[in-house]
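To start, the structure itself, in structure tokens.
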Protein chains: 2
Amino acid sequence: MSSDQASPRLAYLLKHANLRISELTEKALLPYDISGRELGVLNVLNGREPGSQQHAAQRLGIDRTTMVALLDTLEDKGLVSRHPDADDRRRNVVELTEKGQNIVRWAGSAAAEAEQVFLRPLTEAAGQQLRESLQAVVARPDSSGQVRP
Amino acid sequence: MSSDQASPRLAYLLKHANLRISELTEKALLPYDISGRELGVLNVLNGREPGSQQHAAQRLGIDRTTMVALLDTLEDKGLVSRHPDADDRRRNVVELTEKGQNIVRWAGSAAAEAEQVFLRPLTEAAGQQLRESLQAVVARPDSSGQVRP
DNA sequence: TATTGTTATACTCTATAACTATA
DNA sequence: TATAGTTATAGAGTATAACAATA
């Protein structure tokens with residue numbers, strides 16, 4: 001069934017690749033006092049016109065109830081601000097504070113370095129290929145056009 | 001920080017790749033009444049001389065306390081048997097039952113099919129490359145020899 | 001009636017600490 | 001004293017259901 005000793009199951013490889021990059025990223029972010037998940041949220045908010053909480057949650061593929069707690073923490077840390085949307089008062093407009101903008105810049109580059117460490121066993125071309133292949137399989141793969149190697 | 005809209009963070013891609021293959025695998029395993037994690041355990045036990053619980057846990061990279069509950073379930077389902085090692089009675093020898101051997105065969109091939117669906121957006125070469133690159137980054141990457149593309 | 005944010009709750013996966021029985 | 005299995009417990013991360021305010 002495709003595994004045994006020759007080639008481990010893809011699910012196993014993905015799980016452990018995930019564990020490894022998470023470990024490297026968390027370590028790299030330690031000085032900035034944020035987690036990888038929190039940086040993900042900041043990234044979504046960065047350089048975009050302010051959107052609702054739900055919008056941010058959808059972009060990250062997490063539930064809106066999960067986003068609440070995440071934003072609570074980020075707001076406590078002074079990295080994001082929430083205020084009701086004037087046009088639709090059910091919505092919260094979420095924005096990076098100035099501190100948040102600084103953190104996303106520095107923590108972001110620390111996370112990018114962690115990625116480089118993660119990819120170190122691969123050539124640059126293989127690393128690039130890995131990223132593209134992952135994007136292809138993640139992008140709701142409707143059996144459409146295949147990615148070339 | 002390497003992400004924004006052009007290229008999402010690697011951590012994001014790996015997390016969602018993981019979610020997708022898990023979803024596909026769980027669905028494929030539904031008829032066999034086992035989870036992907038349980039199949040992983042059965043795979044480790046399959047075709048090897050019987051080992052201890054701890055041995056199996058190490059091969060999967062999970063804690064020995066986690067293995068206990070996993071084996072409890074598999075034993076309840078009649079797929080594995082545990083009995084004390086005659087040479088060292090602290091150890092439990094874990095083996096697949098005949099039913100377990102059948103399940104691992106059929107469920108294993110269903111899981112392999114799920115992998116194929118997962119890889120469908122990639123050419124065969126790109127899929128092979130993905131597997132090799134993941135193996136390289138997961139294999140405790142000590143910056144040694146790089147994998148070529 | 002439907003939607004946004006929120007709260008309460010629960011479930012899964014995981015690890016740590018402490019217990020037991022062996023060694 | 002050290003190790004294998006076990007138990008109890010706790011902490012992430014996640015989702016579902018229900019509620020308030022608003023549309």
Side-chain angles (χ1 to χ4, degrees), chain A residues 11-12 14-23 25-27 29-30 34-41 44-45 50-76 80-95, chain B residues 11-12 14-23 25-27 29-30 34-41 44-45 50-76 80-95:
Chain A
Y12 172 92
L14 285 168
K15 177 187 159 192
H16 286 265
N18 216 351
L19 284 174
R20 169 137 177 91
I21 198 160
S22 297
E23 184 185 52
T25 303
E26 297 301 329
K27 202 193 296 179
L29 293 181
L30 226 45
I34 60 171
S35 68
R37 307 173 67 226
E38 289 166 357
L39 178 57
V41 176
V44 165
L45 264 35
S52 69
Q53 296 187 188
Q54 189 137 217
H55 185 216
Q58 279 162 355
R59 289 201 111 252
L60 281 172
I62 64 183
D63 198 82
R64 73 194 211 271
T65 63
T66 306
M67 182 58 76
V68 172
L70 233 24
L71 288 175
D72 285 347
T73 306
L74 290 171
E75 202 175 27
D76 286 350
V80 307
S81 70
R82 290 194 264 207
H83 50 265
D85 186 337
D87 293 349
D88 182 346
R89 303 239 305 286
R90 293 172 302 181
R91 286 186 163 86
N92 267 348
V93 177
V94 189
E95 287 177 288
Chain B
Y12 172 91
L14 284 168
K15 177 186 160 194
H16 286 264
N18 215 351
L19 284 174
R20 168 132 179 94
I21 197 160
S22 296
E23 185 185 51
T25 304
E26 298 300 330
K27 202 193 297 180
L29 292 182
L30 226 46
I34 61 171
S35 68
R37 307 175 66 227
E38 288 165 357
L39 179 57
V41 176
V44 165
L45 265 32
S52 69
Q53 295 187 189
Q54 189 138 213
H55 185 214
Q58 280 162 354
R59 289 201 109 252
L60 281 172
I62 63 182
D63 198 82
R64 72 196 214 269
T65 63
T66 306
M67 182 58 76
V68 171
L70 232 23
L71 288 175
D72 285 347
T73 307
L74 290 171
E75 202 176 27
D76 285 349
V80 307
S81 69
R82 290 194 265 206
H83 48 267
D85 186 337
D87 292 349
D88 181 346
R89 305 241 304 284
R90 292 172 304 183
R91 285 185 163 89
N92 268 349
V93 176
V94 189
E95 287 177 287

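Quick caveat: nothing in here was measured; it's all calculated off a predicted structure. Residue numbers begin at 1 in each chain, while the letters A, B, ... track the order of the sequences.
What separates CG of A:D87 from C1' of C:dT4 is a distance of 15 Å, to the nearest Å. The separation between B:I62 atom CD1 and C:dT16 atom C1' is 16 Å, rounded to whole Å. Following rounding to the nearest Å, A:E23 (CD) and C:dA15 (P) show an atom-to-atom distance of 12 Å. Spacing between atom CG of B:N18 and atom P of C:dT14 amounts to 10 Å, rounded to whole angstrom units. When rounded to the nearest whole Å, the span between CG of B:D85 and C1' of C:dA21 equals 14 Å. B:D63 places its CG atom 16 Å from the C1' atom of C:dT12, with the value rounded to the nearest Å. Computed from coordinates, the A:H83 NE2 to D:dT22 P distance equals 16 Å when rounded to whole Å. Between the CD atom of B:E38 and the C1' atom of C:dT12 there is a distance of 12 Å, given to the nearest Å.
In this structure, CZ on B:R91 lies 16.0 Å from CZ on B:R82, to the nearest 0.5 angstrom. Distance CG/A:L60 to CG/A:L45: 9.0 Å, rounded to 0.5 Å. Once rounded to the nearest 0.5 Å, the distance linking CG of B:L70 with OG1 of B:T65 reads 10.5 Å.
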Polar pairs (N or O, both sides) under 3.5 Å between protein and nucleotides 1-6 of chain D?
unit_1	atom_1	unit_2	atom_2	d
D:dT3	O4'	B:R90	NH1	3.3
D:dT3	O2	B:R90	NH1	3.1
D:dA4	OP2	B:Q54	NE2	2.8
D:dA4	O5'	B:Q54	NE2	3.3
D:dG5	OP1	B:Q53	N	2.8
D:dG5	OP1	B:N92	N	3.1
D:dG5	OP1	B:N92	O	3.4
D:dG5	OP2	B:Q54	N	2.8
D:dG5	O3'	B:N92	ND2	3.4
D:dG5	N7	B:R64	NE	3.1
D:dG5	N7	B:R64	NH2	3.0
D:dG5	O6	B:R64	NH2	2.8
D:dT6	OP1	B:R82	NH1	3.4
D:dT6	OP2	B:Q53	OE1	3.0
D:dT6	OP2	B:Q53	NE2	2.9
D:dT6	OP2	B:R82	NH1	3.0

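Closest non-hydrogen pair, B:A86 versus B:R89, comes out as O-CG, 4.1 Å.
For A:T73, the side-chain contact (heavy atoms from CB on, under 4.5 Å) partners are A:E38, A:K77, not counting sequence neighbours. Scanning for ring-ring contact (aromatic ring centres under 6.0 Å, His included) contacts around A:H16 gives A:Y12, with sequence neighbours left out.
Of the two residues contacting DNA chain D, namely A:R89 and A:T66, the nearest-nucleotide position lying further toward the 5' end is that of A:T66.
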